[in-house]
Participant: 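Below is the structure I would like to discuss, written out as structure tokens.
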Amino acid sequence: MGRKKKRPIKPWCWYCNRVFEDEKILIQHQKAKHFKCHVCHKKLFTGPGLAIHCMQVHKETITGVPNSIQGRTDVEIEIYGMEGIPEKDQQDHEKKMRDQSGPKNKKAKNNEDSDDDSDEEPNNMFNMNQHMGMGPMGMGPMGMPGMMPNMGMMGMPMGPMGPMGPMGPMGGMMGQMPPNMRWPMPNPRMMGPMGMMGGPMGPMGPGNMPNMTSNMPNPPGFGGGSPSVNEQKPDGQPDGSTNVPKPLFPAASNIPQTKQEELNSSGTDASKTGQKSLSATSKLMHPGDENNSLEEIRGKMQKYQNSKGPGLPQAPPMHSGYRGTVY
Amino acid sequence: MSVFGNTSSSFSFGASNTTTNHNPMKDIEVTSPPDDSISCLEFSPATLPGNFLIAGSWANDIRCWQIEDNGQTVPKAQQMHQGPVLDVSWSDDGTKVFTASADKTAKMWDLAANQATQVAQHDAPIKTCHWIKSPNYSCLMTGSWDKTVKFWDTRSSSPMKAITLNERVYCADVVYPMAMVSCADKKLVCLKLESEPQEYQKFDSPLKYQHRCISIFKNKMQSSPVGFALGSIEGRVAIHYIQPSSPRDNFTFKCHRSTPTQPQEIHVVNSIAFHPTFGTLATVGSDGKYSFWDKDARTKLKGSEQLPQSISACAISHNGNIFAYASSYDWSKGHEHYNPQQKNYIFLKNCAEDMKPRAKK
């Protein structure tokens with residue numbers, strides 16, 4: 001038993017409590033899930049990096065790290081892989097992992113792996129849909145029902161962590177900067193935008209508090225999909241399932257991106273894979289005649305029908321500005 | 001780079017335009033654009049000195065401009081069909097332009113003589129035309145809504161070959177020795193063109209919605225065609241290799257969708273054009289935007305501001321310096337939103353920098 005206790009703890013993501021086999025994969029995960037700019041999909045290296053990027057490049061204020069669980073949305077905490085995790089959270093996590101009995105632990109992990117890997121895979125910036133033969137339907141909505149119950153469980157262990165999360169970081173926000181910052185940004189520059197961040201963050205804090213105390217279940221109406229649900233996820237992948245259990249920080253809903261994702265996650269997953277049910281969340285800008293192309297629809301118009309009249313002169317009426325020959 | 005890349009000249013040219021919001025990217029405006037929507041754009045091949053641009057329109061005409069290096073556009077000539085023009089194609093030597101029309105004919109336009117003669121006939125509007133130049137034969141490939149693809153030697157009134165398909169042809173592309181034809185039933189046919197056009201492979205679509213545009217791309221050395229990009233009406237493009245080294249080489253990506261509003265608007269992908277040297281691609285959509293992508297790095301290189309009208313067509317010059325795009329209504333919102341008074345524009349922009357793949361970090 002004692003030997004087992006010494007087993008090093010697996011890398012885990014502070015933002016969503018997911019456990020990984022390898023820190024490299026964790027870093028990939030963080031870049032793809034938590035540090036990706038919702039506007040240009042650039043993958044940044046840290047939460048503050050993302051905030052600075054959004055502020056400087058897109059003039060947008062990010063109020064929370066995307067896809068993070070309640071209490072872990074702080075954009076000012078610099079976390080890169082396992083570096084920079086507040087000591088208290090690290091201890092809590094280790095304790096929790098040890099408390100969980102072996103098989104249980106394994107089970108939970110498997111669930112996470114099975115649901116999440118698929119959308120972690122593409123090492124790219126925009127939505128890659130690996131279609132192998134079957135096309136994007138591969139893992140259609142069918143996966144959903146089966147996944148859901150497990151997902152619910154997944155969310156559970158996060159609950160107790162929720163309210164604790166913010167305490168550490170909020171106390172010493174600046175103090176939390178890890179000494180060896182991997183984010184290659186000079187400090188002065190960093191401070192600038194952070195100062196600006198202070199503005200929006202301030203008032204938001206209290207707003208969050210009630211939710212954190214009442215916490216646990218997702219606030220109604222916040223499906224908590226990842227911002228990438230709509231733009232990033234390949235159809236048919238059970239992305240919705242991975243997102244359902246992760247409660248979104250209410251404040252994050254102030255980001256337009258997350259608004260959209262609420263909409264999406266409130267729709268059924270079928271709306272993303274299905275042919276027609278784009279309506280609730282998105283609108284296909286097409287006349288809706290699935291059996292005809294735009295040209296066919298347009299060609300039916302009287303105006304273009306008439307022009308086919310056989311009596312029209314073949315000779316080209318020269319346009320005023322045109323010369324006779326090309327060369 | 002020097003071609004058209006002179007910022008000072010293009011700037012002064014841009015300044016001569018009244019800067020209204022029809023040109024949010026402040027690109028060069030082609031003079032005397034067609035009076036109705038522009039359905040297709042094609043640049044002249046490398047065999048011609050300089051650059052010529054051909055546009056076909058719903059006003060039944062095909063127009064030709066000379067694009068000078070300083071960005072000036074000179075209207076050269078035009079020809080008419082008896083119905084809307086749906087596609088154009090240059091001959092390999094640049095002396096002729098082939099035009100496909102809803103009047104069920106395709107014509108060959110001899111530019112030097114400014115004479116157009118009919119070279120193809122279908123039972124329904126011709127949606128696509130492509131010139132095929134093989135060492136031992138040359139012909140015009142036409143794809144029609146009569147569910148056939150036909151090959152014409154331009155001298156005979158009957159085709160040298162015809163392939164019957166299950167559905168109407170919606171889009172096609174040819175990069176010798178490969179041709180791709182995509183149909184209304186979302187089936188794709190790959191043709192091999194050596195010795196004669198032959199069906200090589202049939203695919204089911206990687207996309208779930210109606211196909212709209214297809215463009216063949218070459219391998220990294222730009223020596224031979226290896227795959228295609230297929231655009232659908234549901235703001236999505238599939239990158240598909242004919243013989244992928246791994247199934248993961250094939251993927252789709254979303255594009256031409258509005259930023260989160262309620263509801264999100266998903267637009268039609270109207271055209272795809274590959275850069276001749278970089279292998280990057282441009283897409284244009286009914287959202288009135290164009291985007292440049294790097295399919296190998298799987299990144300978006302650049303997006304445009306939104307134009308007030310759809311972008312209905314695009315093309316890239318043979319030297320890869322000029323990106324042309326047409327701002328005109330593409331019928332994506334139906335006839336109710338058609339305004340014949342709305343002016344149509346063709347814009348030119350230097351894309352040599354914007355389409356360059358980013359250096360790896």
Side-chain angles (χ1 to χ4, degrees), chain A residues 39-41 122 124-133 135-137 230-231 234-235 256-257 259-261 263 273 275 278-287 290-299 301 304 307-310 312 314-327, chain B residues 31-32 39 52 58 60 63-64 75-80 82-84 86 102-103 111-114 116 125 127 145 170 184 204-210 212 233-234 238 247-248 250-254 257 259-260 262-268 286-287 297-300 330-335:
Chain A
V39 182
C40 66
H41 309 321
N124 47 52
M125 305 283 283
F126 58 95
N127 166 30
M128 292 304 121
N129 189 356
Q130 308 290 348
H131 53 76
M132 315 160 66
M137 293 296 283
N230 203 39
E231 299 203 357
D235 285 0
Q257 183 73 34
K259 270 209 176 114
Q260 170 206 4
E261 121 222 337
L263 285 168
T273 48
Q275 288 273 345
L278 285 159
S279 52
T281 57
S282 49
K283 194 173 158 206
L284 195 57
M285 301 306 283
H286 192 268
E290 284 173 27
N291 295 320
N292 285 298
S293 61
L294 295 177
E295 286 76 16
E296 285 168 291
I297 299 165
R298 183 173 194 167
M301 211 186 168
Y304 301 114
S307 63
K308 284 180 200 165
L312 279 173
Q314 181 86 5
M318 282 298 161
H319 190 268
S320 52
Y322 288 73
R323 276 180 249 142
T325 54
V326 173
Y327 304 117
Chain B
T31 53
S32 309
S39 53
F52 292 86
W58 283 81
N60 303 358
R63 297 187 180 196
C64 176
K76 286 306 230 179
Q78 77 167 3
Q79 283 289 338
M80 296 294 288
Q82 290 173 35
L86 300 178
D103 68 9
L111 294 172
N114 196 26
K127 181 62 180 55
W145 293 339
Y170 273 180
D204 284 328
S205 174
L207 300 173
K208 295 194 294 291
Y209 288 80
Q210 190 182 97
R212 179 130 183 91
I233 61 166
E234 186 237 2
R248 300 179 63 89
N250 295 338
F251 62 93
T252 70
F253 62 91
K254 295 178 184 176
R257 298 169 175 223
T259 43
Q262 320 177 12
Q264 186 194 30
E265 291 180 351
I266 295 176
H267 295 271
V268 169
S286 60
D287 56 349
R298 301 192 177 185
T299 49
K300 184 174 183 174
D330 59 7
W331 228 252
S332 57
K333 294 180 186 167
H335 64 89

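So that the names make sense, note that chain A is the first sequence line, chain B the second, and so on, each numbered from 1. Just so we're clear, the structure is a prediction, and the values are computed from it rather than from any experiment.
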Participant: With B:D330, which residues qualify under side chain to side chain donor-acceptor pair (under 3.5 Å), at least two apart?
Facilitator: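 Side chain to side chain donor-acceptor pair (under 3.5 Å) list for B:D330, sorted by chain: B:N270, B:S310, B:S332.
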Participant: CZ/B:F253 to NE2/A:H41 distance, rounded to the nearest 0.5 angstrom?
Facilitator: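 Going from the CZ atom of B:F253 to the NE2 atom of A:H41 covers 11.5 Å.
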Participant: At what distance, to the nearest 0.5 angstrom, does CG of A:L294 lie from NZ of B:K333?
Facilitator: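 Rounded to the nearest 0.5 Å, the CG-NZ separation comes out at 12.5 Å.
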Participant: When you compare the side chain of A:E295 with that of B:K127, does any pair of heavy atoms fall below 4.5 Å?
Facilitator: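 Side-chain contact under 4.5 Å: yes.
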Participant: Minimum heavy-atom separation for A:Y304 to B:P84, with atom names?
Facilitator: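 Looking at all heavy atoms of both residues, the shortest contact is CD2-CG, 3.7 Å.
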Participant: Could you give the distance from NZ (A:K283) to CD1 (B:I266), rounded to the nearest 0.5 Å?
Facilitator: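 So the NZ of A:K283 and the CD1 of B:I266 are separated by 11.5 Å.
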Participant: To check you understand the geometry: which heavy-atom pair defines the closest contact between A:S293 and B:W145, and what is its length?
Facilitator: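 For A:S293 versus B:W145, the nearest heavy atoms are OG-CZ2, 3.8 Å.
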Participant: Quick one: closest heavy-atom pair of A:N291 and B:Y170, and the distance?
Facilitator: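 Reported closest heavy-atom pair: O-OH, 3.5 Å.
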Participant: Could you list the residues that satisfy side chain to side chain donor-acceptor pair (under 3.5 Å) with B:Q210, not counting sequence neighbours?
Facilitator: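 Result, side chain to side chain donor-acceptor pair (under 3.5 Å) vs B:Q210: none returned.
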